[in-house]
Every structure is written in C-alpha cells, then in structure tokens.
There are 2 protein chains.
Amino acid sequence: MNNETTLVCSPVSEKPHCGAADHRERVMGIRDAIDVLSGKWKIEIIGALLFGGRMRFMDVMREVPGIAAKMLSKELHDLEAHQLVKRTVMDTKPITVEYEITPYGKSLEEVIITIANWGLSHRKKIMKG
Amino acid sequence: MNNETTLVCSPVSEKPHCGAADHRERVMGIRDAIDVLSGKWKIEIIGALLFGGRMRFMDVMREVPGIAAKMLSKELHDLEAHQLVKRTVMDTKPITVEYEITPYGKSLEEVIITIANWGLSHRKKIMKG
DNA sequence: CAGAATCCGGCACGATACTG
DNA sequence: CAGTATCGTGCCGGATTCTG
C-alpha cells in the first residue's frame with residue numbers, strides 16, 4: 001500500500017464513443033476502492049468513526065473489538081494519508097488525540113451502510129441455517 | 001477463512017429495547033461482510049460475474065486482469081461455498097465450466113455498484129489533485 | 001480448457017514490551 | 001493516554017509445472 005495517493009490502474013487510455021463493455025471502468029473503480037479500503041480493519045474503523053462521531057484513540061479501540069493498538073495506529077495513519085480521517089492532537093495534561101471523519105470520508109457513508117446492511121442480512125440468513 | 005458458513009461474531013446477546021448504541025450491530029454486519037468478501041479479488045470477481053453474466057473460467061480471467069489461475073480457482077470455490085456463485089460443468093469435448101451469480105449473490109449487486117461508484121469518483125478526485 | 005499440485009517470498013496481522 | 005519498537009507467524013497471493 002502506497003503512502004502516496006496513487007491509482008492502481010492507469011487511467012482509461014481511450015474510450016472512443018462510450019459504447020458497451022464499460023464494466024472495465026467499473027472494475028477499475030472496484031480496484032481503486034479496494035486499494036483504499038483493503039485489509040481486515042479499515043471499513044470497520046471508518047464505520048465506527050462515521051457512526052460514533054469524533055472520538056479518541058482508546059474509544060476507537062473499544063468500538064472495534066479485537067484490534068491491536070499497533071494495527072489501529074497503522075490503519076488510522078493510512079486513512080489519514082488518504083484524507084478520509086482527520087487527526088487532532090489536544091495538548092492536555094496526558095496528551096489526548098481525537099479522530100474524526102473528514103468531509104471526504106463522509107462520502108464513504110453510503111458504501112459502509114450498504115456493506116453493513118448486507119452483512120446483517122447475511123448474518124440472519126446464516127443463522128437460520 | 002472457514003469453509004463452513006459460520007459467523008465471525010457471536011449473535012447479539014441481548015438487545016432489550018432497541019435503543020442507541022446499535023452501531024455494535026452494524027460493526028458486526030461489517031465484520032461478517034468483510035469475512036465473506038475479504039481478499040484482493042472476491043469483489044472484482046463478483047462484479048465481473050454480475051455485469052458480465054454467465055461465463056467460463058477463461059472469460060472470468062480476462063475480466064479480472066492480473067489474477068492468477070490458482071487464485072481465481074480458489075476464490076471461485078470460496079464464493080461457491082458461500083452460495084454466491086454457481087458452478088456448472090458442461091461435458092463438451094474439451095470440458096468447459098461455466099460460472100454465474102446465484103440469486104443470493106445478486107443481493108450483493110447494490111454493494112458492488114456502490115463500491116465501484118465510489119472508487120470511480122475517488123479516482124477522479126485523485127487524478128485532479 | 002479447467003484446474004490441482006507444488007514451491008516460495010512477503011507482508012498482514014498478532015502479542016508483548018517499552019516510552020513521553 | 002497514545003502511541004512506537006520489536007519479534008514472530010500464517011496465509012495471501014504469485015510463478016511454474018502437471019493432468020484429463
């Protein structure tokens with residue numbers, strides 16, 4: 001995963017007259033999205049921040065059960081590099097840091113909700129057997 | 001990844017009267033969805049099958065640029081185990097196999113489209129910046 | 001053509017300990 | 001509290017070869 005905000009695929013070389021077979025574009029879109037959201041934790045973290053609002057490191061840990069501090073730290077930095085999350089350091093007595101979704105990160109809300117809803121219905125289906 | 005169709009999280013223990021803090025459920029949903037869709041390729045494969053319709057192994061390979069045969073085979077089996085994809089063996093002279101999205105797999109269409117669209121707009125943003 | 005088998009490197013992820 | 005540092009491991013995923 002690059003720190004730089006690059007694209008996975010090279011831009012569309014040519015698209016003479018937008019005809020059929022533009023799934024190619026969709027595939028590229030999927031690839032770019034996966035690139036940003038890859039891994040076991042990113043989507044959960046964004047979801048937590050999205051629905052929990054601005055919160056501190058430890059709060060995020062609580063909202064994302066099972067994640068290790070190192071992972072959370074790394075993923076948050078990745079998300080910050082992609083401008084999806086904003087980090088704010090408060091100089092209180094013991095230093096506190098707050099994280100929140102950026103306006104751009106908000107654009108992921110629909111994606112997250114859609115995924116969460118599907119997961120929930122999938123869970124119900126599995127539980128019924 | 002389990003072969004069995006299990007859930008990552010244990011079911012909701014109690015939810016007295018659906019009050020606040022039900023992001024917990026959403027987080028569980030996200031986790032279940034990630035579990036099914038994890039990895040670098042699954043979403044792309046589903047997308048290809050969703051928009052490309054029933055097709056053969058080699059066609060899927062063409063639709064998912066860069067994937068190795070082993071990966072594609074493995075991912076397709078995973079998806080089949082989760083009942084998202086159906087495999088059909090035709091006994092032609094050189095054996096051919098066809099893959100297609102199941103009705104249940106269709107339920108992922110909204111998810112995939114949402115992701116693809118976000119990825120596309122993200123791509124545009126990055127290219128400008 | 002559709003894949004199974006094998007080999008292999010890297011990194012995603014985890015556990016623990018330490019710091020300001 | 002909010003992290004870094006360090007160490008270890010599994011498995012993800014790629015390349016290649018073999019089969020029916």
Side-chain angles (χ1 to χ4, degrees), chain A residues 1-4 8-9 27 30-31 34-46 48-49 52 54-82 85-100, chain B residues 1-4 6 8-9 30-31 34-46 48-49 52 54-82 85-100:
Chain A
M1 207 66 50
N2 333 356
N3 256 344
E4 296 300 318
V8 179
C9 314
V27 169
I30 291 175
R31 202 166 284 211
I34 297 288
D35 189 51
V36 173
L37 302 175
S38 67
K40 190 179 175 181
W41 299 109
K42 291 208 185 71
I43 297 184
E44 260 187 82
I45 293 171
I46 296 173
L49 251 20
R54 161 187 274 238
M55 63 178 78
R56 296 184 299 170
F57 189 85
M58 276 306 178
D59 297 325
V60 183
M61 281 211 75
R62 259 169 247 120
E63 291 293 322
V64 183
I67 194 171
K70 171 190 152 187
M71 265 301 125
L72 181 55
S73 178
K74 188 215 160 210
E75 300 295 65
L76 282 170
H77 276 84
D78 285 359
L79 295 174
E80 196 191 3
H82 283 295
V85 161
K86 178 166 162 245
R87 206 179 93 111
T88 313
V89 182
M90 331 277 286
D91 56 346
T92 51
K93 20 177 189 175
I95 172 181
T96 64
V97 182
E98 298 202 332
Y99 293 92
E100 65 187 314
Chain B
M1 202 69 50
N2 335 356
N3 255 344
E4 295 301 317
T6 53
V8 179
C9 314
I30 291 175
R31 201 167 288 210
I34 297 291
D35 190 51
V36 173
L37 302 175
S38 66
K40 189 177 175 181
W41 300 108
K42 291 209 186 68
I43 298 185
E44 260 189 83
I45 293 171
I46 296 172
L49 251 20
R54 160 189 273 239
M55 63 178 80
R56 295 185 300 170
F57 189 85
M58 275 309 178
D59 296 327
V60 184
M61 280 211 76
R62 257 169 249 122
E63 290 294 320
V64 183
I67 194 170
K70 171 193 154 189
M71 266 300 124
L72 181 55
S73 178
K74 187 210 160 217
E75 301 294 65
L76 282 170
H77 275 85
D78 284 0
L79 296 175
E80 193 189 6
H82 283 296
V85 161
K86 179 164 162 245
R87 207 179 93 111
T88 313
V89 181
M90 331 278 287
D91 56 344
T92 50
K93 21 176 188 173
I95 172 180
T96 65
V97 182
E98 298 204 331
Y99 294 92
E100 65 188 313

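Lettering of chains follows the sequences in order, A, B, ..., and the numbering in each one begins at 1. Bear in mind the structure is a predicted one, so any value in this text is a computation, not a measurement. Note: hydrogens, waters and symmetry copies are ignored here, and every other heavy atom, side chains too, is used.
- We find that NZ of B:K42 is positioned 14 Å from P of D:dC11, with the value rounded to whole Å.
- Neither OP1 nor OP2 of D:dC11 sits under 4.0 Å from any side-chain N or O of B:K74.
- Per the geometry, CG belonging to B:L37 stands 17 Å off C1' belonging to D:dC12, to the nearest Å.
- A straight line from CD1 of B:I34 to P of D:dC12 spans 15 Å, rounded to a whole angstrom.
- Across all their heavy atoms, B:T88 and B:R54 have their closest contact at OG1-NH2, 3.7 Å.
- Atom CD of B:E75 is separated from atom P of D:dG14 by 9 Å (rounded to the nearest Å).
- Atom CG in B:D35 sits roughly 11 Å away from atom P in D:dC12 (whole-Å rounding).
- Closest heavy-atom contact between B:K42 and B:L37: CB-O, 3.9 Å.
- As rounded to whole Å, 13 Å separates atom C1' of C:dC13 from atom CE of A:M61.
- Annotation: side chain of B:M61 is in contact with side chain of B:M58 (closest heavy-atom distance under 4.5 Å).
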All N/O contacts under 3.5 Å from nucleotides 1-3 of chain C to the protein, with atom names and distances to one decimal?
residue : atom : partner : partner atom : Å
C:dA2   : OP2  : B:M58   : N            : 2.9
C:dG3   : OP1  : B:R87   : NH1          : 2.1
C:dG3   : OP1  : B:Y99   : OH           : 3.4
C:dG3   : OP2  : B:Y99   : OH           : 2.4

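- What you find for B:A48 and B:E63 is that their closest heavy atoms are CB-CB, 3.8 Å.
- The CG atom of A:L72 sits 8 Å away from the P atom of D:dG3 (whole-angstrom rounding).
- Partner of B:F57 under the side-chain contact (heavy atoms from CB on, under 4.5 Å) criterion, chosen from B:T96, B:L72, B:V97: B:L72.
- A distance of 8.5 Å separates CG in B:L79 from CG in B:L49, rounded to the nearest 0.5 Å.
- Between A:K70 and D:dC7 there is no side-chain polar atom (N or O) within less than 4.0 angstrom of OP1 or OP2.
- Taking atom CD1 of residue A:I67 and atom P of nucleotide D:dA2, one finds them 15 Å apart after rounding to whole Å.
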